[in-house]
Amino acid sequence: QVQLVESGGGLVQPGGSLRLSCAASGFTVSNYSIKWYHQVPGKERQLVAYVTSLGTTWHTDSVKDRFAISRDNARNTVYLQMNSLKPEDTGAYYCSVYNVRSLGMDYWGQGTLVTVSP
């Protein structure tokens, strides 16, 4: 049973920090690329960061100097450390994995909500 569970969201002031977690079950995260997405209501879901099976990381330009994706293989969990948060970072954050068990589809978690506000 493949499952992704995001957690760690909440209300934070501008300039604050949060660490989001993506806990995986039913597969090993180190064998796949894991991605973090951000979505504002009414807008398209946007890729924020990913970590590949080889450990290579990528972050979109708007968060490159503030966010950091990481992976804890022992916990089978991927994190998104978010620093220097801005109001524009507000929204739902989702993690996803593609093609587990060669099914050619994405798996998504339920999302965790981040609100950056004074």
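Counting from 1, the numbers follow the sequence of the chain as shown. Predicted model, so just to flag it, every value in this text is computed and none were measured.
Placement of Val114 and Leu80 within a single hydrophobic cluster is found when ILVMFWY residues are connected by side-chain heavy-atom separations under 4.5 Å, directly or transitively. Both Ile69 and Met82 sit in one connected hydrophobic cluster of ILVMFWY residues. Membership requires side-chain heavy atoms under 4.5 Å apart, directly or through other members. Note on Val100 and Met105: same hydrophobic cluster, where clusters join Ile, Leu, Val, Met, Phe, Trp and Tyr whose side-chain heavy atoms are under 4.5 Å apart, directly or indirectly.
Under the 3.5 Å distance criterion, the side-chain polar atoms of Gln110 are left unmatched by any main-chain donor or acceptor of Val5. Listed for the Thr115 side chain is no donor-acceptor partner under 3.5 Å among the backbone atoms of Thr90.
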Which pairs would a plain distance check flag for residues 47-58, meaning a side-chain donor or acceptor within less than 3.5 Å of a matching protein atom at least two apart in sequence or in another chain?
{"unit_1": "Thr52", "atom_1": "OG1", "unit_2": "Leu54", "atom_2": "N", "d": "3.2"}
{"unit_1": "Thr52", "atom_1": "OG1", "unit_2": "Gly55", "atom_2": "N", "d": "3.4"}
{"unit_1": "Thr52", "atom_1": "OG1", "unit_2": "Thr56", "atom_2": "N", "d": "3.2"}

Quick one: side chains of residues 14-36, donor-acceptor pairs under 3.5 Å with protein atoms, not counting sequence neighbours, listed by atom name and distance.
{"unit_1": "Ser17", "atom_1": "OG", "unit_2": "Asn83", "atom_2": "OD1", "d": "2.9"}
{"unit_1": "Arg19", "atom_1": "NE", "unit_2": "Gln81", "atom_2": "OE1", "d": "3.2"}
{"unit_1": "Arg19", "atom_1": "NH2", "unit_2": "Gln81", "atom_2": "OE1", "d": "3.1"}

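Within the structure, side-chain hydrogen bond (donor to acceptor under 3.5 Å, both in side chains) contacts touching residues 59-68 (residues at least two apart or in different chains) are Arg66-Asp89. Within the structure, ring-ring contact (aromatic ring centres under 6.0 Å, His included) pairs that include any residue of residues 91-118 comprise Tyr37-Trp108, His38-Tyr93 (at least two apart or interchain).
Residue Leu103 comes nearest to Asn99 through the heavy atom pair N-OD1, 3.3 Å, listed as atom of the first residue, atom of the second, then distance.
Gln46 pairs by the side-chain contact (heavy atoms from CB on, under 4.5 Å) definition with Glu44, not counting sequence neighbours. With sequence neighbours left out, the salt bridge (charged side-chain N to carboxylate O under 4.0 Å, His left out) criterion links Asp106 to no other residue.
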